[in-house]
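Remarks on the structure that follows.
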Amino acid sequence: MAAKQAHLTREFTKVMYDPNHVEERWQAFWEKNRTNEPNLDAAANPFFNLMMFPYPSAEGLHVGNLYAFTGADVHGRFQRLRGHDVFQPAGFDAFGIHSENFALKVGVHPMDLIPANIANFTRQLKRSGIMYDWTHSVDTTDPEYYRWTQWIFLQLYKAGLAEKKEAAVNWCPSCKTVLANEQVISGRCERCGSVVGQKILSQWFFKIAKYAERLLDNLDWIDWSETTRTAQRNWIGRSEGATLRFRLADGSKEEVSVFTTRPDTVYGATFLVLAPEHPLVERFVSESQRTAVDEYLAATAALDLVERKRIDKEKSGVFTGGSAVNPATGEGVPVWIADYVLMEYGTGAIMAVPAHDQRDFEFARAYDLPVQPVVAPAGSLEKGSDPAQVTVALGDSAFVEHSADEILINSGPFSGRAATEAGAAIVDSLTERDLGEPALNYRLHDWCISRQRYWGPPIPVLYCDECGIVPVPESDLPVVLPRIEQFRPSDDGVAPLAKSAEFYQVECPECGGEARRETDVSDTFLDSAWYFLRYPSTDFGDRAMDADRTRRWLPVDAYIGGEEHAVLHLLYSRFITMALSDLGHVEFEEPYKKFRKHGLLIRDGSKMSKSKGNVVIPDRYIASHGADTFRAYLMFLGPYTEGGDFRDRGISGPHRFLQKVWDAVHSCVEAADETGGGGNDELGKDIERKLHQTIKQITEDFADLSFNTGIAALMEYLNAIRADGRTPQRAEVVPLVIMLAPVAPHLCEELWDVLGGQPSLFDEADWPEYDASKLLADSVRIPVQVNGKLRGTVEVSRGANADTVRKIAMEEEGVRRHLEGVEVRKTIHVPDRLLNFVVG
RNA sequence: GCGAAAGUGGCGGAAUCGGUAGACGCGCCAGCCUUAGGAGCUGGUGGCCAAUGGCCGUGGGGGUUCGAGUCCCCCCUUUCGCACCA
């Protein structure tokens with residue numbers, strides 16, 4: 001109807017582009033006609049296009065969110081025009097410390113705050129023109145969602161992948177909760193920046209470490225950006241080496257295990273170092289060292305993690321008074337305690353080889369401990385000397401080289417052998433005597449999911465004096481988070497729900513006796529570790545995932561999100577998927593076929609942040625220029641995967657471009673009306689070639705998220721079809737409208753309509769195909785160089801041979817001048833590319 | 001310290017199986033149009049010079065090549081990860 005109206009007005013006055021009017025019209029159309037809702041049960045060519053769901057903050061949608069979503073949306077719309085049934089849902093990650101802290105700050109209950117935030121986000125997202133299927137959204141705080149989060153916990157528990165244990169955990173004194181290792185950034189809380197402390201608490205853990213090897217191996221074949229895979233590899237931190245056992249020197253059966261990547265140096269292990277928290281510390285402390293040890297342990301405990309892990313800190317430690325037996329030499333070595341050995345890595349104890357490890361070297365120097373070199377460059381020994389008994393001068397630092405060029409010295413029967421090969425032999429020999437074995441060590445630790453907070457899904461277990469830990473029966477799910485008004489966390493590590501007897505007093509489902517509910521809630525990262533599995537099945541209330549839907553839509557075809565989640569969310573969701581796969585709930589073990597990171601939008605050279613006051617709120621720009629212009633600007637300002645600088649002024653370029661597209665289409669239609677025909681469908685040769693080149697480029701660019709160059713190509717094409725004030729032909733503008741549609745969907749729907757197409761363009765239009773034979777002209781203009789310097793260009797027919805090109809080039813004035821009086825020694829001819837005269 | 005990525009006009013950025021550096025856009029300059037314009041149209045726009053021509057030019061310095069933003073070596077800078085990981 002609006003199109004007819006436009007048609008009528010056109011006769012009197014030029015139709016103006018009014019983005020708000022156009023966008024309102026098409027958003028209403030899409031909603032009414034359910035344009036964005038694929039048939040989840042019958043789609044022939046499914047494509048699950050996923051974007052990382054946002055945390056719905058009170059400030060509303062940030063331009064960074066919109067940047068991320070718009071890129072994903074352009075890609076999704078492109079895939080749709082290429083013939084896919086694209087499923088593109090939206091959701092909200094609304095549980096967690098973030099929301100809870102904000103609620104505490106403003107004094108509004110999160111149960112009141114979150115729905116308002118979600119409503120605001122939804123409004124903003126709908127206005128931005130993203131192709132969301134709103135009939136399948138998720139909200140992690142909805143009991144109908146988190147009942148399945150709890151269900152996943154129960155599945156893992158039943159499979160022995162969830163366990164409760166006492167552990168030293170990261171404790172944020174400001175958020176008053178436990179944090180996962182991944183949430184501690186350089187010793188500080190990821191959320192609030194407070195220095196993280198340690199606490200011994202009983203916590204629920206998911207055994208992600210069991211999956212370390214598979215999580216690592218699959219990285220070799222999944223289609224992810226290399227930087228993200230590298231980040232995950234580093235985080236998993238696989239080290240190959242050996243576990244070696246040092247028996248106590250007092251003749252008892254006890255032993256200290258150490259992990260080392262350098263078993264070849266065991267003959268040089270002149271002392272042992274335990275972490276201050278190591279359980280065997282007490283076994284070694286002698287009467288005379290008691291006071292010194294206690295003082296050291298107290299001093300270490302007083303240090304926070306940031307201070308303790310400062311790399312430039314002087315090495316400090318204390319002698320226990322006890323000793324252990326080096327399994328290779330059989331000699332006693334003193335046992336020390338030092339804070340540079342971390343309980344959380346390896347076994348919490350190391351064999352110190354000061355000659356070949358810089359840290360051990362510094363420690364030995366500080367406390368005057370023996371240093372025994374056991375590795376030397378192969379050529380460094382004097383002729384005839386016995387490698388089993390060599391004196392080597394000590395340098396100022398440890399000798400850490402480790403290649404086939406080094407040999408072992410002073411290493412008993414292994415002396416003289418290559419260091420790399422001898423290491424394995426030493427481990428073999430120790431394994432035979434039950435003093436060690438080859439070992440892999442991972443930096444990755446089990447995932448602590450307990451949070452002593454309020455705003456999360458209650459962990460679905462009960463504690464019964466008779467029956468012990470009792471999982472909540474699945475039929476009793478969800479364990480609903482009650483509304484309590486006193487939800488502020490406390491310092492004692494006791495969760496807010498522990499104050500609500502109404503919540504925690506229950507009857508044991510097994511014995512009927514008195515039982516107590518778990519009052520901790522689970523980590524927000526568990527909510528987001530499986531949300532994509534829920535999307536296609538949100539209309540099933542009786543199962544987390546419908547088997548048919550899941551088979552049709554998962555794994556996710558394309559996932560786009562921020563690199564900041566490279567190790568957190570992406571690792572957890574891989575683990576959960578892998579575990580569910582092992583338990584038979586899904587048929588794949590990797591959740592995302594393809595993952596690409598998007599870049600970060602910055603402003604004035606620095607990150608946008610509330611404290612700097614340079615955060616861009618999109619509403620204002622959308623109101624003034626329209627969503628299409630804003631989308632085009634965001635996609636044009638830089639390479640999508642790199643991000644870029646947001647500048648107010650830059651928006652005018654894309655705005656003018658859309659305006660010109662509008663004008664071009666209208667003038668084309670007007671001209672056709674005047675001539676009474678459907679317009680001239682004949683394309684000039686030059687424009688035809690430009691069209692095919694453009695199709696080729698856009699198709700390639702949009703497929704690999706190079707939106708900025710894709711849009712530039714569309715601009716070039718537009719410039720070509722309206723050059724010298726000519727009126728574009730229908731056959732020229734139709735493909736332009738289709739190719740621009742992923743970027744400016746409302747505008748293009750309108751223009752598609754104006755051109756007489758049946759809406760929606762996204763259902764009716766086909767992405768144009770290029771004809772490879774039409775990409776090249778019959779003649780080419782090639783540069784002519786003399787000694788590599790450009791001296792002119794000549795037009796030659798395509799495929800012309802060297803002689804022909806040379807003849808033409810010699811006639812070129814600029815070229816001839818440089819060839820006068822010099823001898824041409826040779827010519828380099830690259831067909832259709834260049835001609836270079838080498839003179840001299 | 002280790003790892004990764006990146007340094008190109010006034011600005012955002014194009015171009016890397018080595019082959020016309022600066023596409024596209026912003027800004028700027030000139031002209032046109034206009035009562036007016038933070039509108040529109042046309043043209044120009046890397047720097048320098050003795051200027052129809054030429055020299056220089058992709059962080060700096062070397063190298064390979066007929067030819068280097070692109071490949072190799074050394075150095076500098078920035079950003080982002082990780083950081084006493086045994």
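Every chain is numbered from 1, with letters handed out A, B, ... down the list of sequences.
Partners of Phe259(A) according to the ring-ring contact (aromatic ring centres under 6.0 Å, His included) rule, which considers only residues two or more places apart in sequence or in another chain, do not exist here. Every residue two or more places apart in sequence or in another chain that forms a side-chain hydrogen bond (donor to acceptor under 3.5 Å, both in side chains) with Asp704(A) is listed here: Ser706(A). In this structure, the side-chain contact (heavy atoms from CB on, under 4.5 Å) partners of Glu406(A), at least two apart in sequence or on a different chain, are Val375(A), Phe399(A), Glu401(A), Ser403(A), Ala419(A). Residues meeting the ring-ring contact (aromatic ring centres under 6.0 Å, His included) test with Tyr296(A), sequence neighbours left out: none. For the side-chain contact (heavy atoms from CB on, under 4.5 Å) test, residues two or more places apart in sequence or in another chain that qualify with Arg245(A) are Glu255(A), Ser257(A), Asp434(A), Glu437(A). For the ring-ring contact (aromatic ring centres under 6.0 Å, His included) test, residues two or more places apart in sequence or in another chain that qualify with Phe707(A) are Tyr640(A), Phe702(A).
Within the 3.5 Å criterion, the main-chain N or O of Gly317(A) finds a donor-acceptor partner in the side chain of Tyr367(A). A donor-acceptor contact shorter than 3.5 Å links the side chain of Asp360(A) to the backbone of Val353(A).
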Dot-bracket, RNA chain B: Watson-Crick or G-U, under 3.5 angstrom, [ ] crossing, | other strand? (((((((..(((......[....)))((((((.......))))))((((...))))..(((((..]....))))))))))))....

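Between the P atom of C85(B) and the CE atom of Met343(A) lies a distance of 17 Å, rounded to the nearest Å. The nearest whole Å value for the distance from the OH atom in Tyr345(A) to the P atom in A83(B) is 12 Å. For the pair Arg722(A) CZ and G40(B) C1', the interatomic distance rounds to 11 Å; values are reported in whole Å. One interatomic measurement links the two molecules: CZ of Phe271(A) to C1' of A86(B), which rounds to 12 Å at whole-angstrom precision. Whole-Å rounding puts the His565(A) NE2 to C80(B) P distance at 17 Å. Rounded to an integer number of Å, the gap from CZ of Arg806(A) to P of C66(B) is 17 Å. In this structure, CG of Leu601(A) is placed 19 Å from P of U79(B), rounded to the nearest angstrom. Remark: C1' of G81(B) and NZ of Lys597(A) are 11 Å apart, rounded to the nearest angstrom.
When the P atom is compared between C24(B) and C75(B), the two are found 39 Å apart, to the nearest whole Å. Nucleotides U52(B) and G38(B) place their C1' atoms 40 Å apart, quoted to the nearest Å. Nucleotides A6(B) and G13(B), compared at atom P, are 14 Å apart to the nearest Å. C2(B) and G57(B) have their C1' atoms separated by 36 Å, given to the nearest Å. Using atom C1' as the reference point in both U45(B) and G22(B), the two lie 12 Å apart (nearest Å). U65(B) and G60(B) have their P atoms separated by 23 Å, with the value rounded to a whole Å. Atom name P, nucleotides U58(B) and C71(B): the rounded distance is 15 Å, in whole Å. Taking atom P in both G69(B) and G59(B), one finds a spacing of 10 Å when rounded to whole Å.
Applying the side chain to side chain donor-acceptor pair (under 3.5 Å) definition to pairs two or more places apart or across chains, those involving residues 629-638 of chain A are Asp73(A)-Arg631(A), Thr629(A)-His655(A). Sorted by first and then second residue, the salt bridge (Lys or Arg N to Asp or Glu O under 4.0 Å) pairs involving residues 781-791 of chain A (not counting sequence neighbours) are Arg781(A)-Glu795(A).
Taking the syn range as angles within 90° of 0, the glycosidic angle of G7(B) is outside it, so the base is anti.
Put simply, Arg233(A) has no side-chain N or O that comes within less than 4.0 Å of OP1 or OP2 on C82(B).
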Which donor-acceptor pairs under 3.5 Å do the side chains of residues 825-832 of chain A make with protein atoms, sequence neighbours left out?
unit_1	atom_1	unit_2	atom_2	d
Thr827(A)	OG1	Arg806(A)	NH1	2.5
Asp832(A)	OD1	Gly799(A)	N	2.8
Asp832(A)	OD2	Gly799(A)	N	3.4

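Judged by closest nucleotide on RNA chain B, Thr227(A) is the one of Ser239(A) and Thr227(A) placed further toward the 5' end.
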How would you summarise protein contacts on nucleotides 11-28 of chain B per nucleotide, using B for base, S for sugar-phosphate only and - for none, with heavy-atom distances below 4.0 Å? SBSS----BB--BBSSS-

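Rounded to the nearest 0.5 Å, atoms CD1 (Ile651(A)) and NE2 (His625(A)) are 5.0 Å apart.
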Check the interface with nucleotides 51-56 of chain B: list each N/O to N/O pair with the protein under 3.5 Å, or write none.
unit_1	atom_1	unit_2	atom_2	d
G54(B)	OP1	His818(A)	NE2	2.6
C55(B)	OP1	Arg791(A)	NH2	3.4
C55(B)	OP2	Arg791(A)	NH1	3.2
C56(B)	OP2	Lys789(A)	NZ	2.9

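Across all strands shown, Val341(A) has heavy atoms under 4.0 Å from base atoms, whether or not it also approaches the sugar-phosphate.
Using bins of under 30°, 30° to 60° and over 60° for the plane-to-plane angle, the ring pair His598(A)/Tyr67(A) lands in the perpendicular bin.
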